[in-house]
Number of protein chains: 2
Amino acid sequence: MDLDIVRTFVVAADAGQFQEAAAELAVTQQAVSKRIAALERNLGVRLFTRTARGAELTIDGQAFLPHARELLRVAERAVASVRPGRRPLRVDVIASRGAAAGLMRGFYRAHPEIDLDVVMLFDIETAVAAIRSGAIDASFRAVAAPGRPLPEDIESVRVLDEPLELLTGPAHALAGARSVTVAQLAGHRIWMPGIVPGTEWAAYYDDLVAEFGLTIEATGPNFGSDALLDTVADTPALATFMGGHTRLVWPSGHGLRRIPVTDPTPVYPHSLLWHRDNPHPALGTLRAHLAATATGHDATGTWAPSWVISSR
Amino acid sequence: MDLDIVRTFVVAADAGQFQEAAAELAVTQQAVSKRIAALERNLGVRLFTRTARGAELTIDGQAFLPHARELLRVAERAVASVRPGRRPLRVDVIASRGAAAGLMRGFYRAHPEIDLDVVMLFDIETAVAAIRSGAIDASFRAVAAPGRPLPEDIESVRVLDEPLELLTGPAHALAGARSVTVAQLAGHRIWMPGIVPGTEWAAYYDDLVAEFGLTIEATGPNFGSDALLDTVADTPALATFMGGHTRLVWPSGHGLRRIPVTDPTPVYPHSLLWHRDNPHPALGTLRAHLAATATGHDATGTWAPSWVISSR
DNA sequence: CGTCGGCCACAACCATCGGTTGTGCTCGTA
DNA sequence: TACGAGCACAACCGATGGTTGTGGCCGACG
């Protein structure tokens, strides 16, 4: 199906006749006739009843019309999403179901009129490069991993400390606990496939391991969170970490447990990053929204790597 | 823009390489390459970075991908809206902003999983024919105008009595009233352009005029409710009737008044009509919903034409 | 370090599609 | 009854989008 044909249908429906629609679209009446005929052939229904002074919608045509309009609207937004200059605010998050995505959902609820696009980049290195090039407008990341100070033209503000939770299957030794201390985790195998050395999140877990003597295994390829959850659910000796704000599509019948971690609670520090000179009007709105809704983060009883900066 | 190309983009993005996408789409790799190149040329941005073992999305590609998926979803629904058999429930209402449309909005809120299409037919004659032919599944209409008994195979149930309200401009003689009686309306000019003789709604107003000696002028072409409202707002001698459940996009600064009518309150009787043998599963859901949410209509103090049937 | 294999892009070729012009038909109207 | 408005059909033709064939690039592996 061609969107030009859909547009022709909408224009013809509004005009009530093919002739006028043809003029509006700068084609001949015969072209409009052929397009509509092709659309009707594709759909297998008649969309217009041709009369001596025009064409009016059939019932099927009436039913199709709002869908056709919606189709054109969505297409317009799709094109706008990649249009340089005045495109939707484009924000990088670390995981589509993580805390940053939750913040963006909240922002969308507060400002549904602002067009958003959410992307997921590889690491903070990539994100900073994308911010500087203008490919994205903002990023939620942990800053700044050791030896990776932010460039001068990148600003950041810490917006959310997300507590880590332990995820276990029903047969795990800690499955029955209401909460566990970090000290209790020593000796247990924590499995986090897909950790890539050199990224800022790998640095986070490296620090966590060094600080508390944990055992985190990053072995094996990452087949996605569904496969991870399946394995954890079925393997008594394995547990994994998960952001406490993560929205899970909970696999039913697996008996998975999410257990808070305490003494201290490891938190993953999300900062918003953006370019000093970015002129996108929605960026200021996003920053104001985050500042207004930020839960003043209480550092007592929590742990984050020493290299994390709190603001600048 | 061609939806085949959009689909190619989505498949290629999922596959991570053109080769596999080509196999899935049953075309050659070269065709996929050309399609993607054409899409990139149209959009003016690069969507994939080509590597030695595949193609991965650029940031623009990532931003475009969800919009592309949405586009395909909407297209799917558009096609489904006219597919014979298992198409969305198609309901005829008398006006897009009237009471019946409000009932359908309520039904949608209660059952968002049910696909709906709303159409507006000319009169009950057309609606009954459409119901019998299967072109629509249900209709909200006043039944049955004099001499027009419903056919045997059409069932109906009265679902809503909508009180009429008087709509006046700020300079109208009755503009200051909190409510008006029908008797007070005698002698005032009530303008309702667009009434077509022979329709069931024309019969309703005919009866209203005959019963209470009102003056309803149907003169002049109907340029739409916006033009009607403009005229009423500016003309002190004119008022019009409007369904009390009508949702207006209120023209600002016009000072329009909606005034309830009493002694008695004329109500427009909406019934749901459907075909006895219609097998659409959602039709039963709609009937159950309407039965459950129906405000038990209290006939005291209201007026409706004598030919209106209350149920069957 | 060279070779191999996988994958994408370019070129040439060709059928189909979608546009135009020209014309005929129907229907409402003067 | 003749006319005009509007849509459909036919013939024609350039553009589009597919195929096959081929070459270049890059990572893997011996």
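Proteins come first, then strands; the chains are lettered A, B, ... in the order of their sequence lines, and each starts at number 1. Reckoned from all heavy atoms, side chains included, excluding hydrogens, waters and symmetry mates.
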> Picking from C:dT21, C:dG28, D:dC7, which would you name as closest to the side chain of A:A55?
Replying inline: D:dC7
> When the distance from CG of A:D2 to C1' of C:dG19 is rounded to whole Å, what number comes out?
Replying inline: 13 Å
> Does a nitrogen or oxygen in the side chain of B:S33 sit under 4.0 Å from OP1 or OP2 of C:dA9?
Replying inline: yes
> Does A:S33 reach the main-chain N or O of A:Q29 with its side chain, forming a donor-acceptor pair under 3.5 Å?
Replying inline: no
> Heavy-atom distance under 4.5 Å between the side chains of A:R141 and A:T126, does that happen here?
Replying inline: no
>> Using whole Å, what does the distance between atom P of nucleotide D:dG17 and atom CG of B:L3 come to?
In response: 13 Å
> Is any side-chain nitrogen or oxygen of A:Q30 closer than 4.0 Å to OP1 or OP2 of C:dT20?
Replying inline: no
> What is the distance from CG of B:L47 to C1' of C:dC8, rounded to the nearest Å?
Replying inline: 16 Å
>> Restricting to ring-ring contact (aromatic ring centres under 6.0 Å, His included), what partner residues turn up for B:Y204, sequence neighbours left out?
In response: B:Y268, B:W303
>> Whether B:R53 contacts D:dC25 is assessed here as follows: a side-chain N or O lying under 4.0 Å from the phosphate OP1 or OP2. Is that the case?
In response: no
> Given that A:A52 and A:A38 both sit by DNA chain C, which one's nearest nucleotide is further toward the 5' end?
Replying inline: A:A38
>> Salt bridge check, B:D60 against A:R90: does any charged N sit closer than 4.0 Å to a carboxylate O?
In response: yes
> Could A:E70 and A:R73 be called an ion pair, given the rule that one side-chain N must be under 4.0 Å from one carboxylate O?
Replying inline: yes
> With distance as the sole criterion, do the side chain of A:Q29 and the base of D:dA8 form a donor-acceptor contact below 3.5 Å?
Replying inline: yes
> From C:dT20, C:dC8, D:dC7, pick the nucleotide closest to the side chain of A:F18?
Replying inline: D:dC7
> Hey, does A:V27 reach any base, or is it just sugar-phosphate, or nothing, if we go heavy atoms under 4.0 Å?
Replying inline: sugar-phosphate
> With respect to the side chain of B:K34, which nucleotide from D:dT20, D:dG17, D:dG6 is positioned closest?
Replying inline: D:dG17
> Once you round it to whole Å, what is the distance between P of C:dA9 and CZ of B:R35?
Replying inline: 15 Å
> Between atom CD in B:E56 and atom P in C:dG6, what is the gap in whole Å?
Replying inline: 20 Å
> Does A:R50 put a side-chain nitrogen or oxygen below 4.0 Å from OP1 or OP2 of C:dC27?
Replying inline: no
> Atom CD of A:Q17 to atom P of D:dG4: distance rounded to whole Å?
Replying inline: 17 Å
